[in-house]
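Owing to the predicted nature of the structure, the values given are computational and were not obtained by experimental measurement. Throughout, residue positions are numbered sequentially from 1 according to the sequence presented. Quick note: numbers below take in every heavy atom, side chains included, and nothing from hydrogens, waters or symmetry partners.
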Amino acid sequence: MRRRARRDGTNAGSLVVTIFGDLIVPRGGVAAYATLAAIAGMLGVNDSQLRTALSRLVAEGWLEPRRAGKRAFYALAPEGAARTREAARRIYAVPEAKRAGPWRVAIFPPMPARVAARRPFEWIGFASAGPTTMIHPDADPDALASVLASLPDDRRPAIVAGPAAPEGPARALIARAWDLPGLGRAWSDLARRLAPAGPGPRDPERCLRARLILIHEFRRLALRDPGLPAGLLPRDWPGTRARARLAGRYRALLAASEAWLDAHGAGPDGKLPRADKSLRRRFAAGHMSQVGLQKRSKP
């Protein structure tokens, strides 16, 4: 997977977002520039590339710079923190076998800024059903509420909720709105590359690097997936298998990679704080490396 990341030309800004979401958020959300440089450097991002990426993320509202004397730090800005929370719901969750929820239709006012208003809904899995309409068969209510609250009144769509259509028409509508064959091929490719392997690395730096490559590639695909109800997905959906395999790899790397952050991570008060409970809840794997993680996590 590391070779693939190099071949795809990992974007420095996207990688920084992954670093914050996966490594820094559970430890208080603020990291020293030196820590970010050390982590990004593990994947070949040099100082100039990192500084450029950080500047762009600040300008785009993802991050905010901070200083303590001569030391530079970066933290998620409010907008970046909100985006990261929404992404985490989709990246680290284990889809439920059975889900029940009403279809939601977002009806946008006809206005020049409609494209920008629709983008946050694409982010949480809605698909276009017309020039002013987007749909989702089971949108996450918390994510939807957060997106609506982030929009000004003149860009906020009306949300209409109703019971699901019969399975046949529902599947036909989903086939038109989402590219499930293409998404399924992408999940199958990831599952194939995550085929069960022997013991992974145990060196903390190698584990941290492997964890970042793993979650960075997975993140891009997980955020493309609209999170449709399991009952409306094709039989033997490859995304389920890929997520299970990724969760196993992630668990295997977690304790050692956290040891690197314990030893080398720096925040405003010196070392990075210990990871909070959100780390243990990822992929709903309460058993993940419990012995190692409980020693590092807050009670």
Notebook entry, point to check: Do other residues, nucleotides or ligands put more than 12 heavy atoms under 6.0 Å from the CG atom of D236?
Noted result: no
Indicate yes or no for a side-chain donor-acceptor contact from [X] to the backbone of [Y] under 3.5 Å, with no hydrogens or angles considered.
X	Y	value
R66	Y74	no
T35	A31	no
R185	S188	no
S14	N11	no
R211	D22	yes
H136	P226	yes
T133	A129	no

Next item on the list: I would like to know whether R193 and E217 meet side-chain contact (heavy atoms from CB on, under 4.5 Å); could you show each step before the answer?
Entry: CA-CA 11 Å; R193 287 182 283 113; E217 182 163 4; 2.7 Å; yes
Would you mind reporting whether [Y] and [X] have side-chain heavy atoms less than 4.5 Å apart?
X	Y	value
L232	D138	no
D276	V25	no
R176	L173	yes
L50	Y33	yes
F121	P157	yes
L221	L223	no
R118	S128	yes
P137	L228	yes

Connected via hydrophobic side-chain network under 4.5 Å: [X] and [Y]:
X	Y	answer
L76	L54	yes
W237	W178	yes
V30	L36	no

Determine the minimum heavy-atom distance between [X] and [Y], stating which atoms define it.
X	Y	value
F73	A32	CD2-CA, 3.4 Å
A161	R104	CB-CG, 4.2 Å
F20	G29	CE2-O, 3.8 Å
L148	R156	O-NE, 2.9 Å
A177	A127	O-CB, 3.6 Å
F108	A117	CE2-O, 3.8 Å

What is the distance from atom [atom1] of [X] to atom [atom2] of [Y], rounded to the nearest 0.5 Å?
X	Y	atom1	atom2	answer
L261	I24	CG	CD1	6.0 Å
Q49	D47	CD	CG	9.5 Å
L180	D225	CG	CG	8.5 Å
I124	M134	CD1	CE	8.5 Å
I213	I215	CD1	CD1	12.5 Å

Notebook entry, point to check: Who pairs with R192 by salt bridge (Lys or Arg N to Asp or Glu O under 4.0 Å), at least two apart in sequence or on another chain?
Noted result: D189
Margin query: So, using salt bridge (Lys or Arg N to Asp or Glu O under 4.0 Å) as the criterion, who are the partners of R219 when residues are at least two apart?
Written below: none
Check: Can L23 and T18 be said to form a side-chain contact (heavy atoms from CB on, under 4.5 Å), step by step?
Finding: CA-CA 8 Å; L23 305 181; T18 300; over 6 Å; no
Next item on the list: Determine, step by step, whether T240 and L233 satisfy the side-chain contact (heavy atoms from CB on, under 4.5 Å) criterion, reporting the C-alpha distance in whole Å, the side-chain angles of both residues, the deciding distance to 0.1 Å, and the verdict.
Entry: CA-CA 11 Å; T240 304; L233 289 170; 5.8 Å; no
Item checked: For T52, all residues meeting side chain to side chain donor-acceptor pair (under 3.5 Å), sequence neighbours excluded -> none
Note: [X]-[Y] ion pair, threshold 4.0 Å (strictly below):
X	Y	result
R83	E79	yes
R27	E258	yes
E86	R89	yes
D262	K271	no

Notebook entry, point to check: For residues Y250 and R282, is any side-chain donor paired with an opposing acceptor at under 3.5 Å?
Noted result: yes
Next item on the list: Tell me yes or no: between the side chains of N46 and S48, is some donor less than 3.5 Å from an acceptor?
Entry: no
Next item on the list: Kindly determine whether W187 and F218 satisfy ring-ring contact (aromatic ring centres under 6.0 Å, His included), including the steps that lead there.
Entry: CA-CA 9 Å; W187 278 124; F218 176 71; 5.8 Å; yes
Check: How far apart are the C-alpha atoms of L212 and L214, what are their side-chain angles, what is the distance that settles it, and do they pass the side-chain contact (heavy atoms from CB on, under 4.5 Å) test?
Finding: CA-CA 5 Å; L212 273 176; L214 184 74; over 6 Å; no
